[in-house]
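Only one structure is covered here, and it is reproduced in the block below.
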Amino acid sequence: MLKLDFSGLWVPVKEHFDPKVSSLDFTQAAAVALLAAVLSFSVLSYWTPMGLPNGDAAVYAQQIQQHRFDERSVHLGYYLWAAALNGFSRDFSDRALNLVSAGFGAATIGLLAWISMLAVGNPLGGAAAAVVALGHLTLVENWVWAEVYGPQTFFLVAAFLAMGTGRCVPAGVMLANAVLISPSSLLVVPALCLLKPDLRSVLRLGLTGGGITLVAILPVWRDYLYGNRGLLKASGVSVDLKMAVLKESVEMVFGVFAFLPFLAWAVWALCRRPGLRPLLLFLAVLWAPPFFVGEKFRDVPVQLTLWALLVPLVVLGAWQLMEQLGREKRPRWPALWLTGGMWALIPLFLVARRQVDQLTAVPRDVVVVALAVSGVLAGGWMLGAKWRPLPTVLAVLALAAAVNLTWVGRLVQEENEAIDTYREQVLELGATAGPGYRAIGTWDRGILLEHYLFRTSYSGTWINLAQLEGHWGEEDRAEAWSSWLDAAEAGSEIWLLDHYPDQIQRLEQKRYEFDSPIGPFIRARPLSSPATNDSPGEGASAGELKEKDMPGKGEDDA
């Protein structure tokens, strides 16, 4: 039977690379992990925006503030933890909810620092892990915005740490918390079981985690399984393999980014050392179920736990590289060329992202800067590692960290500016719009508008563009068009939350005029002149008018 028990990652490097490396002192390691968490929280909290990143976060905030834990109950654990950390207050800001994610992110970095120190047997490994984690774009985005995946990742990393050190009951408690935050946590259970593959340990994990979960969801089990976001309903979504590969490639490459060569060295070390090879199987089992089952939604980072656990591997790779170069009086040139060549390819990754990634555009000047930096990294590595290996690795590690932190800081700040700008524009709309107005927009924009203005959802002020276009079914489509036509017939002021050509054309037919007083928002108001041929004939009922004006079933209104 395979006995993994994290043998390799949990055992310091001294047993696999260098017998002279001293063992890790517990008190010193705890102090380093705590310091890494505190300093990381200061960075993450600085990066948190005032507004919310999407409509889901707005709905979460409303449910938490109103203590409505029975809706969207698949995230019950998130509501309870966020409410508890905010003192169960019904009056807290959106940024406070973002800070909850920052707190869980900092705690996760503390755990990753601990794991990294166990991996390399040196407190410096903890400091390196904090820098690597803060330079991972996908991780940081989920640590500075109000979302369920940052807290979920903390509990899963804690579960892996507990299970890997033989503490099955605490691992079950951590797993239960993660499952209550998001059911996608179930996808990592096979990897957890692999850490202690004996029946007794697996039963203790399952009984603890399963028992807590069942007791917690019992009052809301129907919504948990069959609700709008229910576990069984979500399982029916089809998988787009091409999109899944693209999404994970972007998250992988542009998360590790300048640290990619160190990750490659870690994988090489796992392959070469028999005592470390079981970790490759563990990583494969951790990756496969989320990829083939969970990668169904472009916006759900189901592999976030795997990306987090790559942080200790990057640290292990850097350490292994230093050890190997330090032992060899004359390092072999092929190894140097391979590592230097990986840094030289960084600009090619950026160019590829400009072409295929729709999540975050890469500015042209960033590509130019990356070209220069990659040249410095590759050239400095080739020149220095041959004669001064240890100082060169440290210098390159520091420069790679600077590249990643600059990259993450710039992109997150740009995204935060867009989040906060939209919030300010919505508040200005609320102060400018006339009585009885209607807004038309996408789900995220509409839900956030209602949240910022009324702290509620589905108030009747906003008409969902997806429903108008028939993407949510014929019944929702008919209801949305009824609201649209009621507003147009009444001559209500209509605000388009972005440029929607089809809606503009239909409003022109209703003799509306347009202006853009606030950012991208378009305000439509009826002309003072009487209606022309668009008015129904004498004796036409409102139902006949709506049936005449509403696009035919199946018509593409995009």
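The model shown is predicted, which means the values in this text are computed figures rather than measured ones.
- Glu450 contributes a side-chain N or O that, together with a main-chain N or O of Tyr458, makes up a donor-acceptor pair within less than 3.5 Å.
- Annotation: Phe154 is not in aromatic contact with Trp81 [ring centroid separation under 6.0 Å not met].
- Listed for the Ser185 side chain is a donor-acceptor partner under 3.5 Å among the backbone atoms of Ala178.
- In this structure, a donor-acceptor pair under 3.5 Å is present between the side chains of Ser201 and Asp198.
- Looking at residues two or more places apart in sequence or on another chain, you find a side-chain contact (heavy atoms from CB on, under 4.5 Å) between Ala130 and Ala36, Ser40, Ile109.
- Taking all atoms of both residues into account, the shortest heavy-atom contact from Val131 to Ala401 is CG1-CB, 3.1 Å.
- Using modelled atom types and a 3.5 Å distance limit, the side chains of Trp287 and Glu248 yield a donor-acceptor pair.
- The CG atom of Leu137 lies 6.5 Å from the CD atom of Glu415; values are rounded to the nearest 0.5 Å.
- For the 3.5 Å distance criterion, the side chains of Trp145 and Asn416 qualify, holding a donor opposite an acceptor.
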Distance-only donor-acceptor pairs under 3.5 Å for side chains of residues 209-217, two or more places apart:
unit_1 : atom_1 : unit_2 : atom_2 : d
Thr213 : OG1    : Gly209 : O      : 2.8

(message) Go through it in stages, so that I can follow the logic: the residues are Phe160 and Val188, the test is side-chain contact (heavy atoms from CB on, under 4.5 Å), and I'd like the CA-CA distance, side-chain angles, deciding distance and then a yes or no.
(response) CA-CA 10 Å; Phe160 281 116; Val188 306; 4.1 Å; yes

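- Residues Phe454 and Trp462 have side chains not in contact (no heavy-atom distance under 4.5 Å, counting atoms from C-beta outward).
- Remark: Thr108 OG1 to Trp143 CH2 distance equals 5.5 Å, nearest 0.5 Å.
- Considering only heavy atoms from C-beta on, Leu180 stays 4.5 Å or farther from Tyr79 through its side chain.
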(message) For a side-chain contact (heavy atoms from CB on, under 4.5 Å) check, start with the C-alpha distance between Tyr60 and Leu52, then their side-chain angles and the critical distance, and finish with the verdict.
(response) CA-CA 10 Å; Tyr60 301 156; Leu52 296 175; over 6 Å; no

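- Here the shortest heavy-atom pairing between Ser457 and Gln62 reads OG-OE1, 2.6 Å.
- Residues passing the side-chain contact (heavy atoms from CB on, under 4.5 Å) test with Val43, sequence neighbours excluded: Trp47, Leu134.
- Closest approach of Met117 and Ala29 over heavy atoms only: CE-O, 3.1 Å.
- Every residue meeting the side-chain contact (heavy atoms from CB on, under 4.5 Å) condition with Thr442, not counting sequence neighbours, appears here in chain and number order: Arg445, Leu465, Tyr500.
- For the pair Asp420 (side chain) and Pro49 (backbone), a donor-acceptor distance under 3.5 Å is absent.
- Closest non-hydrogen pair, Pro289 versus Leu187, comes out as CB-O, 3.4 Å.
- The aromatic rings of Phe259 and Phe262 are tilted relative to each other, their planes meeting at an angle between 30° and 60°.
- Between Leu112 and Pro312, the closest side-chain pair of non-hydrogen atoms falls below 4.5 Å.
- The distance from atom CG of Leu111 to atom CG of Leu309, rounded to the nearest 0.5 Å, is 10.0 Å.
- Taking CG of Leu449 as the start and OH of Tyr452 as the end, the distance is 10.0 Å to the nearest 0.5 Å.
- The backbone N or O of Gly150 sits nowhere less than 3.5 Å from a side-chain atom of Asn142 that would complete a donor-acceptor pair.
- The distance from the OG1 atom of Thr153 to the CG atom of Leu306 is 11.0 Å, given to the nearest 0.5 Å.
- In this structure, a donor-acceptor pair under 3.5 Å is present between the side chains of Ser184 and Gln152.
- At distances below 3.5 Å, at least one donor-acceptor pair connects side-chain atoms of Asn98 with backbone N or O atoms of Gly51.
- When the options Val179, Asn177, Val173 are evaluated for a side chain to side chain contact (heavy atoms under 4.5 Å, CB included) with Leu175, the one that passes is Val179.
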(message) What verdict does the side-chain contact (heavy atoms from CB on, under 4.5 Å) test give for Val285 and Leu281, after you've listed the backbone C-alpha separation in whole Å, the side-chain angles of each residue and the deciding distance to 0.1 Å?
(response) CA-CA 6 Å; Val285 173; Leu281 176 60; 4.1 Å; yes

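- With a 4.5 Å cut-off on side-chain heavy atoms, Leu270 and Leu283 count as touching.
- Atom CD of Gln65 sits in a crowded spot, with more than 12 heavy atoms from other residues, nucleotides or ligands closer than 6.0 Å.
- Checked by atom type and distance alone, the side chain of Thr208 never pairs as donor or acceptor with a backbone atom of Leu205 at under 3.5 Å.
- The distance from the CG atom of Leu97 to the CD atom of Glu147 is 9.5 Å, given to the nearest 0.5 Å.
- Of the charged side-chain nitrogens involved, at least one lies within less than 4.0 Å of a carboxylate oxygen, so that Arg455 and Asp94 count as a salt-bridged pair.
- Residues Ile64 and Asn86 are not in side-chain contact: their nearest non-hydrogen atoms beyond the backbone lie 4.5 Å or more apart.
- Taking all atoms of both residues into account, the shortest heavy-atom contact from Ala146 to Ala57 is O-CB, 3.3 Å.
- Residues Asn122 and Trp319 have side chains that never bring a donor and an acceptor to within less than 3.5 angstrom of each other.
- Between Trp307 and His136, the shortest heavy-atom contact is CB-NE2, 3.6 Å.
- Applying the side-chain contact (heavy atoms from CB on, under 4.5 Å) rule to Leu85 yields the partners Val100, Phe104; only residues at least two apart in sequence or on another chain are considered.
- Under the rule for a ring pair (Phe, Tyr, Trp, His ring centres under 6.0 Å), the partners of Phe88 that lie at least two apart in sequence or sit in another chain are His67.
- The closest side-chain donor-acceptor pair between Ser93 and Arg95, if any, does not fall under 3.5 angstrom.
- Judged by distance alone, with hydrogens and angles left aside, the side-chain atoms of His75 form no donor-acceptor pair with the main-chain N or O of Ser182 at under 3.5 Å.
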